[in-house]
Amino acid sequence: MTVTESTPSVSVPDHIARQVVLPEGHREEQPLFAAYQWLRENAPLAKVHVEGYDPLWLVAKHADIMEIEKQPAVFPSGGGAKPGSHNPILQNQAGDAFTRSLTGGSLRILEAVPYLDPPEHTMVRNIAAEWFRPASLKRWEDRIRELAREAIAARLHPGPNDLDIVEGFALSYPLHVIMTLFGVPAEDEPRMMALTQDFFGTADPEAQRADVTPLTPEAAAQQWSAAIRDFYAYFDALVEARRAEPRDDLASIIANARRPDGELYPKEVAYGWFIAIATAGHDTTSTTLAGILEVLSQHPGQFARVKSDPSLIPGLIEEGLRWVSPVKHFVRQASQDYLLRGQQIAEGDRLMLLYQSANRDADVFEAPGEFRLDRKPNRQIAFGYGPHMCIGQHLSRLELRVMLEELLPRLVSLEITGDRKLLQTNFVGGLRRLPMRVELA
Ligand code: HEM
């Protein structure tokens, strides 16, 4: 049963709340986007109670997400030190209980940036912030271009190619780029891929690990913590190796980072970074790439335009990010009472920031349901906002631009040949399967 506590008293129907909150509500795009639209139009900020979950506010509007995210003291992400911490990623009650049982009462399962708040967040984020700046990334552009060319050559041949554009093409390239720059050898990439999918796909029946019982909430939580354990074991060896022998890679920067007092950070901080990069660093970008190829196949006019004018590629990417929004939510928790959009948020209330909804907000985007590669301005919020705004955004744009610059001139046609399938998750995901015929010159 859904209970709405918003004023004016618009009750959020149970099916709308479940569609947005539950991972299985994200299996189909049409009802999900209809639910977002209903929220924006009828209850843009509404408190709901979906069975199995603690009550939470659904934040459907672009402006409200920005207002929340720019005030990390009022709306912290992780809520400070253990055990008062909370979870910036939505889990159900069983999942949260399981996490608490693992950590002794805290929901801060990782020492990773999404779980931290300023000033601790600022310090830890700064370890890698310089590396991720556009000026620093420039030196990797040629290497990324080589990797894009290799990815095309390995996966597509001249003439028609019938393939699943996700598994068969888009998935591997961003992983390969980030692992190469990070310093993980190519032979370990399948392991990173499997771990990431465990991490993000816990609610998708097709992504269940074999060593846990499928589909119960407890199993999803167990799968998550098993994935973290595996990551730790792998990354511990990496930290040791880079401390013993630093190289010109991101792993070395993180493994050897020192606190202001000159001491090395505890290894958990390095693990947290490694996991954040390994997980956030590729599914997001590959999903966006697959989504852009899908949408180009549906809009032959825009496909022809961008093919003949590569200067349109950056605009195509911004619109692709708006369109796909592969990160569906993060959660904040109010540290004090706060009045937002005429609603009284109480201290301790949790808020689910719905980026996909914000990116279809008609107050910000003209004709939000239309894909327009030359949309101007495009204030898409797919990378979030405020101090947690995606640190990988410039890398992701660079990867996408280079890939599209290499691919588009050779692309003769794109055609969808089968049914699409989405990853069943309310966190990070999008296309999981999309059969296509891709014709290369
Ligand atoms: C299309 C690609 C991507 C999208 C849409 C995306 C989206 C996001 C979003 C929405 C957030 C949360 C922002 C907030 O809380 O306001 C985030 C945070 C983050 N992203 Fe990305 N991301 C992408 C690619 C990447 C890449 C390539 C990397 C790294 C290689 C990365 C690393 C991170 C990290 C470490 C954080 C946490 C930052 C913090 O808490 O300070 N992301 N991303």
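Order of appearance sets the numbers: ligands from 1, and atoms from 1 within every ligand.
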*Region of L353 engaging ligand 1 - heavy atom pairs below 4.0 Å*: neither

*What do you reckon, does G386 put a non-hydrogen atom under 4.0 Å from ligand 1?*
no

_Do the side chains of R433 and D419 get close enough for a salt bridge, i.e. N-O under 4.0 angstrom?_
no

Show me the donor-acceptor pairs within less than 3.5 Å that the side chains of residues 28-37 make with the rest of the protein, sequence neighbours left out.
unit_1, atom_1, unit_2, atom_2, d
Y36, OH, Q356, OE1, 2.9
Q37, NE2, E41, OE2, 3.0

*Is it the side chain (CB and beyond), the backbone, both or neither of P326 that lies under 4.0 Å from ligand 1, heavy atoms counted?*
side chain

*In the protein, what heavy atom is nearest to atom 30 (C) of ligand 1, and what distance, to one decimal place, separates them?*
I178 CD1, 3.5 Å

*Checking side chain to side chain contact (heavy atoms under 4.5 Å, CB included) against N426, which of K328, H329, E24 comes through?*
H329

_Is it the case that over 12 heavy atoms from other parts of the model lie below 6.0 angstrom from the CD atom of E187?_
yes

*asked:* Please list, in number order, the atoms of ligand 1 under 4.0 Å from a heavy atom of Y355.
replied: 10 (C), 14 (C), 15 (O), 16 (O)

_Between R372 and E319 (salt bridge meaning N to carboxylate O under 4.0 Å), is one present in this structure?_
no

*asked:* Taking the basic N atoms (NZ, or NE/NH1/NH2) and the acidic carboxylate oxygens, is any pair closer than 4.0 Å for R401 and E405?
replied: yes

*asked:* Counting C-beta onward and ignoring hydrogens, is there a side-chain heavy-atom pair between I345 and D337 closer than 4.5 Å?
replied: no

*Salt bridge between R143 and E146, side-chain N to carboxylate O under 4.0 Å?*
yes

*Return the residue, atom name and 0.1 Å-rounded distance of the protein heavy atom closest to atom 16 (O) of ligand 1.*
E69 OE1, 2.5 Å

*Near R125, which atoms of ligand 1 are under 4.0 Å from a heavy atom of that residue?*
38 (C), 39 (C), 41 (O)

_Sub-4.0 Å heavy-atom approach of H121 to ligand 1_ = yes

_Contacting atoms of ligand 1, where contact means under 4.0 angstrom from a heavy atom of T288_ = 1 (C)

*Flag the pair E294 / I165 as yes when at least one side-chain heavy-atom distance between them is below 4.5 Å, and no otherwise.*
no

*Work out whether the distance between some heavy atom of Y115 and some atom of ligand 1 is less than 4.0 Å.*
no

*Between Y385 and ligand 1, find which residue part has any heavy-atom pair under 4.0 Å and reply side chain, backbone, both or neither.*
backbone

*Looking at atom 10 (C) of ligand 1, what's its closest protein heavy atom, distance included?*
A382 O, 3.2 Å

*asked:* Please find the pair of heavy atoms, one from P23 and one from Q424, that lie closest to each other, and give the distance.
replied: O-CG, 3.4 Å

*Select one of side chain, backbone, both or neither to describe which atoms of R332 lie under 4.0 Å from any atom of ligand 1, heavy atoms only.*
side chain

*For ligand 1, which atoms sit closer than 4.0 Å to a heavy atom of F330?*
11 (C), 12 (C)

*Charged N to carboxylate O below 4.0 Å: is that the case for R332 and E69?*
yes

_Per-atom contacts of ligand 1 with L321, taking only distances under 4.0 Å to non-hydrogen atoms_ = 1 (C)

*Atoms named by residue and atom, protein N, O or S, within reach of atom 21 (Fe) of ligand 1 (under 2.8 Å)*: C390 SG

*Quiz item: cation-pi between R322 and F365, 6.0 Å / 45°*: yes

*asked:* For R243, is there an ion pair with E240 - N to carboxylate O distance below 4.0 angstrom?
replied: no

_Taking atom 13 (C) of ligand 1 as the reference point, the nearest protein heavy atom with its distance_ = H388 O, 3.2 Å

*If every non-hydrogen atom of D249 is compared with every non-hydrogen atom of G183, which pair is closest and at what distance?*
OD2-CA, 3.5 Å

*Taking the non-hydrogen atoms of H394, is any one of them nearer than 4.0 angstrom to ligand 1?*
no

*Measure E399 to ligand 1 on non-hydrogen atoms and call it side chain, backbone, both or neither using the 4.0 Å cut-off.*
neither

*Charged N-O contact under 4.0 Å between E120 and R108*: yes

